[in-house]
Undergrad: 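Below is a structure I'd like to ask you about.
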Protein chains: 2
Amino acid sequence: MQGPSELFNTVVNGTPLAQRRAIAKSITLLESTRTDHRAQGDELLTALLPHTGKAFRLGISGVPGVGKSTFIEVLGLYLIAQGQRVAVLTIDPSSSVSGGSILGDKTRMEMLSVNERAYIRPSPSSGTLGGVAEKTREAMLVCEAAGYDVVIVETVGVGQSETAVANMSDMFVLMQLPNAGDDLQAIKKGVMELADLVLVNKADIDPDAAMRAQAQISSAMRLFGLVNNAMGAAQAESYDKNWHPQVMQLSALKNKGVDDFWHAVSQFRALQTANGALEARRKKQSLAWMWERIDAGLKQSFRQDPTVSRLLPEVLAQVASGQLPASTAARQLLAAQSRQT
Amino acid sequence: MQGPSELFNTVVNGTPLAQRRAIAKSITLLESTRTDHRAQGDELLTALLPHTGKAFRLGISGVPGVGKSTFIEVLGLYLIAQGQRVAVLTIDPSSSVSGGSILGDKTRMEMLSVNERAYIRPSPSSGTLGGVAEKTREAMLVCEAAGYDVVIVETVGVGQSETAVANMSDMFVLMQLPNAGDDLQAIKKGVMELADLVLVNKADIDPDAAMRAQAQISSAMRLFGLVNNAMGAAQAESYDKNWHPQVMQLSALKNKGVDDFWHAVSQFRALQTANGALEARRKKQSLAWMWERIDAGLKQSFRQDPTVSRLLPEVLAQVASGQLPASTAARQLLAAQSRQT
């Protein structure tokens, strides 16, 4: 395997083809669980970091069948036609079970995958969601250092993966299907509050349903406090300086609405850059990410502590059966770990 | 201060008046930060635990002005008239700033507070939300061991306090105001998905607005996946065995709807007891609570570690300014703590 400084040079300064190979190698290095690789990976990441941050990070989620791949291919080609370079990463925690992204991202995005201005990487295929998200976050930084202008992180929304994607993107987009019946398909708990924009896809199939879906989602978002409600005059000014989640229609298959979508994204980006929200969001994400990894690390050492792991099964059983108060159990286990070290 | 075994005896077997004094002393003991008190508190809690679990734990939240106190007083007196004993606890993390519950719970619930079948305790007035929630959870167990039939835990919804209350109650009720205008007051992000029941209070003021609010909230909850959508025949059977969040109207001031509300609560309780959901929810809450306290303890030791606390400010600054990758920073700090111990 190449050393970190060699990889760094090729990622940042290589020819497009060499870059893509170096990106792939860098990501493989960062995904390795070997301690020496991890140290080299940290060296590489730290070197790359000053070259990152110029890309726009776009998170996209939606249930299987909503048309994410078709949309990302269309959007990717649209952006490439405008002279941009596009990277597509995937978070799919279920791929650690199947040993790879089920549908195979590259075959799903046929035209984008062969375009030399695009880089597509499937989900890391091992580890918890936290681990998968960490690797994807690091892969995103590598792509940014290589000069990709837009990094799209996509997820099918298994478990908490939308939260993971929202926490690493500048803008989080939720794709929805308009339902043919009276009721819309239900939206997953807690996901709507992450959305900066909702796209009702397949609007061509039933335009009336798409229109109704757009209206229903908009009004529900208002009710649930996700968009400002009626405003007084005093609030109107600050309203103009902030972004408020939008609901738009799209037909990815017929390539309709992509232009409008990108226009909204550009507006979002300009607004959030001007008012400092984008920078604040990224800073907050980095710090939250650091604490998330620290928490995960502390929990892992705790569970691996010999005394704790010996006591844990019995304590869990006692708490579950109501013999031991939860807070007392926590104090006992914490004390057991401290005695150990 | 009385010893744990004496307190235990009076809490479980004392006369109503002696019980109330012993409950207050037990809670004071549990709220103490002294190490010897903490050990005594754990002893008391563990002894009380087999006597807990028979009460129904009702969580109630709503913005200031929604009429929580009026409702809890009316509901409490209604339950007492039915021969039940009622405890009311409050979670208000902001009281640690003001040094006590701002409005003074006892004066707010005049008739309930002087009733000998009721016990009212304001929010613990120090600590983080996690600490306040822990003390309230323990206070709840003390009240249960003393034979209270219904424990109401109320919160104004500062920060994440609704989540804390939902995580310790059998049923979580959100109170809402019907708005006079076209738009409803917005609901706090992420709170709607916690609600087992939504109460539109002050329905007497504008019955039409209350009706519209009820319909709007119901349809938004369906859309956001909080209530099952249209069902096929196959799903209908399991639907009957499960609870689906309801939206009801209430006029606490005019004592209208309290009977219907309690009927719904009783239905919820019967259904959730029969299908095992109540027991499963409590077991899950206890285990989640244990892990939450362990996490908090691990984080505290981490932050108090001398090497970590020396390195932390610089590392935080580097992560925030984009000089150090978040995941690298996490690994560095974790390694620093390990070296120390």
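The sequence lines fix the lettering, A, B, ..., with proteins before strands; numbering per chain opens at 1.
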Undergrad: Given side chains that start at C-beta, do those of B:Met192 and A:Met192 come closer than 4.5 Å, heavy atoms only?
TA: no
Undergrad: So, using salt bridge (Lys or Arg N to Asp or Glu O under 4.0 Å) as the criterion, who are the partners of B:Arg282 when residues are at least two apart?
TA: B:Asp170
Undergrad: Could you tell me which residues in residues 317-330 of chain A have at least one non-hydrogen atom under 4.5 Å from a non-hydrogen atom of chain B, sorted by residue number?
TA: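 Within residues 317-330 of chain A, the residues under 4.5 Å from chain B are A:Val319, A:Ala320, A:Gly322, A:Gln323, A:Leu324, A:Pro325, A:Ala326, A:Ser327, A:Thr328, A:Ala329, A:Ala330.
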Undergrad: Name the member of A:Glu292, A:Arg303, A:Lys188 that forms the most heavy-atom pairs with chain B at distances under 4.5 Å.
TA: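 Looking at each of A:Glu292, A:Arg303, A:Lys188 in turn, A:Arg303 comes out on top.
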Undergrad: Give, as side chain, backbone, both or neither, the part of A:Arg137 having an atom under 4.5 angstrom from any heavy atom of chain B.
TA: neither
Undergrad: Of all of A:Gly41, A:Ala288, A:Ala220, which one pairs up most often with chain B through heavy atoms under 4.5 Å apart?
TA: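 The answer is A:Ala220.
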Undergrad: May I ask you to test the A:Val315-B:Met290 pair for a side-chain heavy-atom distance under 4.5 Å?
TA: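 Heavy-atom side-chain distance check passes, below 4.5 Å.
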Undergrad: Determine the option with the most heavy-atom pairs under 4.5 angstrom with chain B, choosing from A:Arg293, A:Gln285, A:Glu193.
TA: A:Glu193
Undergrad: Return the set of residues passing salt bridge (Lys or Arg N to Asp or Glu O under 4.0 Å) with A:Lys283 (not counting sequence neighbours), or none when no residue passes.
TA: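 By the salt bridge (Lys or Arg N to Asp or Glu O under 4.0 Å) rule, A:Lys283 matches no residue at all.
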Undergrad: Nearest heavy-atom pair of B:Asp42 and A:Arg331: which atoms, and what distance?
TA: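 The answer is OD1-NH2, 2.5 Å.
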Undergrad: List, one per line, each side-chain donor-acceptor pair under 3.5 Å for residues 294-301 of chain B, sequence neighbours excluded.
TA:
from	atom 1	to	atom 2	distance (Å)
B:Asp295	OD2	A:Lys299	NZ	3.3
B:Lys299	NZ	A:Asp295	OD2	3.3
B:Ser301	OG	B:Gly297	O	2.9

Undergrad: Taking C-beta and beyond as the side chain, do B:Leu316 and A:Trp291 meet within less than 4.5 Å on heavy atoms?
TA: yes
Undergrad: Against chain B, label A:Leu44 side chain, backbone, both or neither, depending on which of its atoms sit under 4.5 Å from a heavy atom there.
TA: neither
